[in-house]
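One-based numbering along the sequence shown. Only heavy atoms go into these numbers, but all of them, side chains included; no hydrogens, no water, no symmetry mates. These numbers come from a predicted model, not from an experiment.
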Amino acid sequence: MPDLKGRIIVYSIIGCPHCMKAKHTLQQLGLAYSDVSLDNYPDSVRQDVRTRSSSTTVPQIFFNAHHIGGNAELQELVKDKDKLDSLIEELVTTEAPDDAPQPPDPSLMKDAEIGNLDFTCELDEYALLIRELKASGLIKDRGFIGNRKKRAFVGQEFIEWLIKTKLVDRVRAKEMGQAMLERRFCHALKSNDTTFHDDNTYYRLVEDDDRKALNAGVASECDPRPAAELSEYMRRLILSIYSEFLSADGKGVDYKGIGKSQKFSLYKKTTAELVRLDVEHLSREDTVAFFINIYNALVIHANVEVGPPTNLWQRYKFFNNISYVIGGQVYCLQDIENGVLRSNRRGIGMLSKPFGTKDPRINVALKECEPLVHFALVCGAKSCPPIKTYSAKAIDNQLKLAAKAFLESEDGCQIISSSKQVKLSQIFKWYKADFAKNTDELVEFVYNHMADGEKKSQLSELIAAKNYRVSFLQYDWGVNSQ
């Protein structure tokens with residue numbers, strides 16, 4: 001590795017596949033570099049990079065004051081040995097001039113590390129009551145064969161027990177039952193009944209539901225955090241896991257390594273907080289960021305705990321059965337993608353919409369479909385967009401960058417000018433209605449969401465000539481494990 005008087009700076013973000021490829025290339029060349037992760041700095045640093053590079057994408061690479069560009073430009077530079085050797089010679093002999101970008105002041109860092117991920121919650125005031133209810137003997141199998149209600153308790157019996165053990169009057173006892181419902185510790189077995197009744201209505205603790213969700217059977221005793229706060233915490237936790245177990249190109253996941261990770265154990269513990277979370281009152285930005293992050297994390301959770309699907313039938317079961325309990329409701333992968341993020345649209349092979357008109361989850365669904373989520377959702381296959389996490393504060397810009405990165409990749413879009421072909425990911429075929437009304441509009445959508453560069457210029461020429469043929473690339477369902 002040559003000693004450099006000058007300086008190489010790579011501006012990146014955690015989990016960015018093109019950033020990983022660029023840094024891997026520099027390592028292979030034996031060139032030391034400073035990695036400035038923009039996740040950890042305020043927007044003033046990002047703005048300086050945008051001004052210097054005239055670009056909103058990462059990575060951005062500088063050799064002293066020379067702006068190399070992104071990963072694609074770096075790979076082209078490597079092919080031009082004479083130019084590369086000349087730039088390296090300058091780095092060896094010349095210190096960075098005053099007009100070269102400087103590493104940011106460390107005091108500006110928002111989070112030098114991912115942060116302290118251990119979290120000690122405030123105990124919910126009703127958690128102790130739930131413990132006592134479990135020990136009371138009120139919860140048991142009820143009914144008769146053919147109409148068995150497992151691990152249920154009766155509203156009237158619960159109120160009588162409160163009057164006797166807590167020395168409260170009937171009105172207060174009923175209010176306590178209502179509070180348990182509203183805090184999502186329990187629910188009525190009668191569908192969608194949100195009122196606690198002083199009668200023979202059956203109730204069950206959410207943790208006692210016979211559900212196959214990956215966070216079923218556990219309950220958090222924490223005082224519920226706001227969904228946006230929990231989402232940000234889980235985002236940081238998953239980001240930390242991603243950074244440790246992603247492959248160099250950001251498209252492979254070491255599932256076995258994750259399964260042995262203490263951070264993943266902490267993540268599984270945190271999923272219990274989803275059970276009683278209020279997601280009905282999130283902003284559009286919070287909803288998009290929260291459910292993208294949860295979808296991507298759920299896929300990894302399932303691949304670690306259950307194993308990835310290996311054929312068509314297993315994939316169908318995977319996306320329709322793998323789920324979390326969120327806010328007392330079960331959300332499978334299909335529900336999150338097609339129900340929430342696509343504004344309750346039918347998905348591939350679905351005969352009906354995910355949510356019916358009386359389904360309480362309809363209140364969580366976006367009012368309008370967000371097409372850019374397709375570049376952010378990771379399905380565990382090799383042809384899916386590379387894994388990343390998203391924050392509500394910057395969700396729209398992050399989705400635009402995800403679209404640019406996806407379309408820059410060979411998995412997302414290929415332009416073959418010689419034969420006038422535009423080859424697109426199957427995602428554009430499966431969800432064409434989300435992007436455009438017809439093929440020409442689809443191509444325009446792709447063009448408008450591309451990063452500036454050779455590929456966009458080639459597509460521009462084909463569009464101007466109105467002479468191109470669109471086809472769709474074969475989708476690689478191979479598992480994205482290392």
Side-chain angles (χ1 to χ4, degrees), residues 209-217 251-253 255-256 258-259 268 271 274 290-327 329-362 364-366 369-387 406 411-412 424-435 471-482:
D209 277 333
D210 185 17
R211 292 167 165 171
K212 299 186 183 298
L214 293 185
N215 65 337
K251 295 189 70 174
V253 185
Y255 292 118
K256 291 183 180 179
I258 288 178
K268 290 194 294 183
T271 63
L274 294 172
F290 176 84
F291 278 99
I292 289 175
N293 291 337
I294 291 299
Y295 181 102
N296 291 342
L298 178 53
V299 169
I300 290 185
H301 192 166
N303 281 330
V304 174
E305 298 279 354
V306 181
T310 58
N311 57 48
L312 181 62
W313 174 239
Q314 287 185 4
R315 285 196 292 273
Y316 175 83
K317 292 196 299 181
F318 189 88
F319 289 103
N320 285 278
N321 294 337
I322 295 299
S323 59
Y324 280 147
V325 179
I326 305 174
Q329 303 292 329
V330 175
Y331 290 83
C332 69
L333 292 166
Q334 288 275 29
D335 295 330
I336 294 174
E337 178 179 10
N338 299 306
V340 177
L341 297 172
R342 296 185 61 230
S343 189
N344 203 31
R345 295 187 175 192
R346 286 193 296 271
I348 302 171
M350 296 179 68
L351 299 178
S352 60
K353 296 180 179 179
F355 307 150
T357 55
K358 295 183 179 180
D359 191 323
R361 296 173 299 175
I362 195 71
V364 179
L366 294 178
C369 174
E370 175 48 74
L372 297 186
V373 300
H374 293 295
F375 310 121
L377 296 177
V378 178
C379 61
K382 289 183 178 178
S383 285
C384 286
I387 295 169
F406 182 67
D411 292 334
L424 301 175
S425 164
Q426 287 281 342
I427 289 173
F428 290 103
K429 180 179 180 180
W430 294 332
Y431 300 102
K432 184 177 180 180
D434 293 359
F435 303 109
S471 61
F472 298 95
L473 299 163
Q474 183 175 352
Y475 202 80
D476 188 352
W477 282 105
V479 181
N480 65 352
S481 61
Q482 294 184 27

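- Interatomic distance, OH of Tyr295 versus CD1 of Ile336, reported as 8.0 Å (0.5 Å rounding).
- For His374 and Phe406, the distance between ring centers is not under 6.0 angstrom.
- Atom NZ of Lys432 sits about 16.0 Å away from atom CD1 of Ile427, to the nearest 0.5 Å.
- Aromatic rings of Phe435 and Phe428 (six-membered ring for Trp) have centroids within the 6.0 Å cut-off, being under it.
- If you take CD on Gln334 and CZ on Arg346, they are separated by 13.0 Å, rounding to the nearest 0.5 Å.
- A pairwise comparison of heavy atoms in Asn344 and Pro354 identifies OD1-CD, 3.2 Å as the closest pair.
- Atom NZ of Lys353 has 12 or fewer heavy atoms from other residues, nucleotides or ligands within 6.0 Å.
- No donor-acceptor distance shorter than 3.5 angstrom exists from the side chain of Arg342 to the backbone of Asp434, with no hydrogens or angles considered.
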Carefully, step by step, assess Lys268 and Glu305 under the rule salt bridge (Lys or Arg N to Asp or Glu O under 4.0 Å).
CA-CA 10 Å; Lys268 290 194 294 183; Glu305 298 279 354; 3.0 Å; yes
Given side-chain contact (heavy atoms from CB on, under 4.5 Å), test Val306 with Leu214 step by step and report yes or no.
CA-CA 9 Å; Val306 181; Leu214 293 185; 4.2 Å; yes
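- The shortest distance between side-chain heavy atoms of Val340 and Asp335 does not fall below 4.5 Å.
- Across every non-hydrogen atom of Pro308 and Gln314, the tightest pair is O-OE1, 4.2 Å.
- Using a 4.5 Å heavy-atom cutoff, the side chains of Glu370 and Leu366 are in contact.
- Between Phe291 and Ile326, some side-chain heavy-atom pair lies under the 4.5 Å cut-off.
- A distance of 9.5 Å separates SG in Cys332 from CD1 in Ile322, rounded to the nearest 0.5 Å.
- Distance check, rounded to the nearest 0.5 Å: OG of Ser343 to CZ of Phe355 gives 10.0 Å.
- You'll find the side chain of Tyr431 reaches within 4.5 Å of the side chain of Glu337, heavy atoms only.
- Of all the heavy atoms in Gly339 and Ala365, the pair that sits closest is O-CB, 3.2 Å.
- Using modelled atom types and a 3.5 Å distance limit, the side chains of Tyr324 and Asn215 yield no donor-acceptor pair.
- Taken from CG in Leu377 to CG in Leu341, the straight-line distance is 6.0 Å, to the nearest 0.5 Å.
- When side chains are defined from C-beta on, Leu424 does not count as touching Leu473, because their heavy atoms never get closer than 4.5 Å.
- Contact of the Asn338 side chain with the Arg345 side chain is not registered, since no non-hydrogen atoms from C-beta on lie closer than 4.5 Å.
- Contact of the Val364 side chain with the Tyr331 side chain is registered, since non-hydrogen atoms from C-beta on lie closer than 4.5 Å.
- Minimum interatomic distance between Pro309 and Asn303 (heavy atoms only, all atoms of both residues): CD-OD1, 4.2 Å.
- Contact annotation: the side chain of Ile294 approaches that of Leu274 to within less than 4.5 Å [non-hydrogen atoms, C-beta and beyond].
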